[in-house]
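Numbers for residues simply follow the sequence, beginning at 1. Every heavy atom of this structure was used, including side-chain atoms; hydrogens, water molecules and symmetry mates were not. Each ligand, and each atom within it, is numbered from 1 in the order the structure gives.
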Amino acid sequence: MGEAPADSFLGDFLNGVDLKSKGQETAICVGSKIYVIGGADIESTSLVEVRIFDKSSGEWINPIVLGTKPKLSNGHSAVLLNGDRILVIKGNSNSDDCFWFLEVGTPFIGEQERTYGNEVVAWSKGVLGNVEKPIVISGPSGVGKGTLISKLMIEFPSMFGFSVSHTTRAPREKEQNGIHYHFSDRSVMESDIKDGKFLEFASVHGNLYGTSVEAVEVVADAGKRCILDIDVQGARSVRASSLDAIFIFISPPSFEELEKRLRARATETEEQIQKRLRNARAELEQGKSAGLFDHILVNDDLESCYENLKKILGLTEGVKTARKTYPELVDLPMEHSVSKIDQKILINCGAAEYHKASNNMYALDLSLLKGGAPGRTRGLNLYVVNPSTDRVNGDNQLS
Ligand SMILES: Nc1nc2c(ncn2[C@@H]2O[C@H](COP(=O)(O)OP(=O)(O)O)[C@@H](O)[C@H]2O)c(=O)[nH]1
Ligand SMILES: Nc1ncnc2c1ncn2[C@@H]1O[C@H](COP(=O)(O)OP(=O)(O)O)[C@@H](O)[C@H]1O
């Protein structure tokens with residue numbers, strides 16, 4: 001327990017201005033709560049601390065803090081967005097590490113608070129620029145998901161990356177750890193799931209499978225479009241998550257053909273084949289669930305199914321490489337001020353001599369934000385503001 005922040009400290013935002021840069025600590029008011037963000041040891045670049053002052057009870061709360069915490073230098077600004085997350089802009093850092101989001105009231109936070117029965121906040125790193133939507137591919141065992149995905153990865157190596165799942169099942173002969181799956185102990189996987197490291201997980205054919213947050217984010221960090229090969233339960237969980245994806249269900253031409261393929265692959269014992277076939281019937285039913293899959297593809301002739309998959313993904317003749325271009329890095333100085341206009345944040349870096357005269361004012365456009373905790377927050381766009389015309393200059397977009 002401690003004292004409430006001094007009135008002068010809170011004055012501005014209590015008058016309706018939710019911006020405050022105090023160097024070491026910022027305080028943002030959300031409803032009846034004040035979120036105080038700052039380094040405990042401001043002389044070092046310590047990990048940031050978050051405390052909450054509850055105005056109605058007059059008590060301090062130490063929340064459960066999820067996600068990777070940013071290291072704060074002793075200058076940062078904070079802005080409340082949409083009433084459910086706080087944008088924290090670090091001074092003295094460049095644009096691939098200066099934008100962070102502290103989620104305080106998003107659906108993810110609501111879910112976590114129900115799980116923990118405690119006040120929860122979560123950090124999500126902000127990333128400039130965008131990547132195309134991840135692709136979730138589901139379908140019964142033996143339908144040809146892996147075959148279709150390898151064809152895509154071979155034809156478009158720089159465009160797609162595979163989300164490497166964790167599983168407790170034993171590796172097949174040709175499978176490599178870290179490439180096809182992260183083969184894991186059940187106890188380790190269960191403990192990581194408890195720690196919030198997984199985007200989704202499910203028990204499939206008697207084993208535990210799951211997509212870690214990191215598995216998806218490393219692909220996007222590399223500027224690639226992520227492909228997830230997960231079962232229908234996993235697809236449902238991803239639908240409910242912050243990951244905005246395209247959902248494709250692969251269906252067999254007939255149940256007999258599915259059984260034939262599964263047997264011909266010769267990777268499972270008879271008992272495992274029987275289990276997979278039993279589960280296939282339920283999966284084929286669930287694949288038709290309203291609102292779950294955006295596309296259903298029948299994998300009869302492999303080549304024509306692959307052509308249809310490419311069409312769905314917009315891979316017409318001539319498209320061979322990723323469309324993403326990496327944003328230019330920008331250094332933000334320790335001293336800067338921020339103001340919010342609609343979905344844009346104006347960042348004024350002060351003295352013109354610090355930067356080139358034309359580059360000391362930026363606008364951060366947040367209108368296309370995507371993702372969020374437990375993953376990164378993407379879709380941030382940073383523009384140079386031209387001081388002579390005093391408007392956001394779209395031509396100078398840094399991405
Ligand atoms: N929910 C979920 N399902 C997964 C994940 N990884 C793989 N699966 C699914 O688990 C099922 C079994 O996969 P696997 O053991 O590789 O066998 P296969 O489908 O017969 O090749 C398939 O339906 C996969 O789509 C995951 O991370 N999460
Ligand atoms: N359209 C197809 N026609 C015939 N065989 C196929 C077709 N698609 C895939 N296969 C074969 O079926 C088996 C199962 O395919 P796989 O990609 O491993 O399925 P999944 O990943 O969905 O379990 C493999 O031996 C594969 O070569």
N or O contact, [X] vs ligand 2, cut-off under 3.5 Å:
X    : value
K145 : yes
D229 : no
G144 : yes

Please verify the inter-ring angle class for F198 with H166; under 30° counts as parallel, over 60° as perpendicular, anything in between as tilted.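 Plane angle over 60°, so perpendicular.
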Shortest heavy-atom approach to atom 13 (C) of ligand 2 - which of E268, E257, R261: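 Going through E268, E257, R261 one by one, R261 has the nearest heavy atom to atom 13 (C) of ligand 2.
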With a 4.0 Å cut-off on heavy atoms, is [X] in contact with ligand 2?
X    : answer
S141 : yes
C305 : no
S150 : no
L262 : no

Can you measure from CG (L332) to CG (N94) and round to the nearest 0.5 angstrom?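 Rounded to the nearest 0.5 Å, the CG-CG separation comes out at 8.5 Å.
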Heavy atom of [X] under 4.0 Å from ligand 1?
X    : answer
K145 : yes
H180 : no
R169 : yes

V213 and side-chain contact (heavy atoms from CB on, under 4.5 Å): which partner among P374, S241, S124?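 That would be P374.
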Are there over 12 heavy-atom neighbours, none belonging to R263, within less than 6.0 Å of that residue's CZ?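 Yes, the 6.0 Å shell around CZ holds more than 12 heavy atoms from other groups.
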Between A264 and ligand 2, which residue portion shows a heavy-atom distance shorter than 4.0 Å: side chain, backbone, both, or neither?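 Neither part.
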Would you mind running through ligand 1 and noting each atom that sits below 4.0 Å from a heavy atom of [X]?
X    : result
R172 : 14 (P), 15 (O), 17 (O), 18 (P), 20 (O), 21 (O)
G234 : 1 (N)
G210 : 26 (C), 27 (O), 28 (N)

Using salt bridge (Lys or Arg N to Asp or Glu O under 4.0 Å) as the criterion, point out the one residue from R378, K133, R239 that pairs with D244.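 Of the listed residues R378, K133, R239, the salt bridge (Lys or Arg N to Asp or Glu O under 4.0 Å) partner of D244 is K133.
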With nothing but distance in play, are any N or O atoms of E268 less than 3.5 Å from an N or O of ligand 1?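 No.
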Short N/O distance, under 3.5 Å, between H205 and ligand 1?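 N/O-N/O distance under 3.5 Å: no.
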Shortest non-hydrogen contact from L262 to R276?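 So the minimum-distance heavy-atom pair works out to CD2-CB, 3.9 Å.
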Nearest heavy-atom pair of A215 and V164: which atoms, and what distance?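 Shortest heavy-atom contact: CB-O, 3.5 Å.
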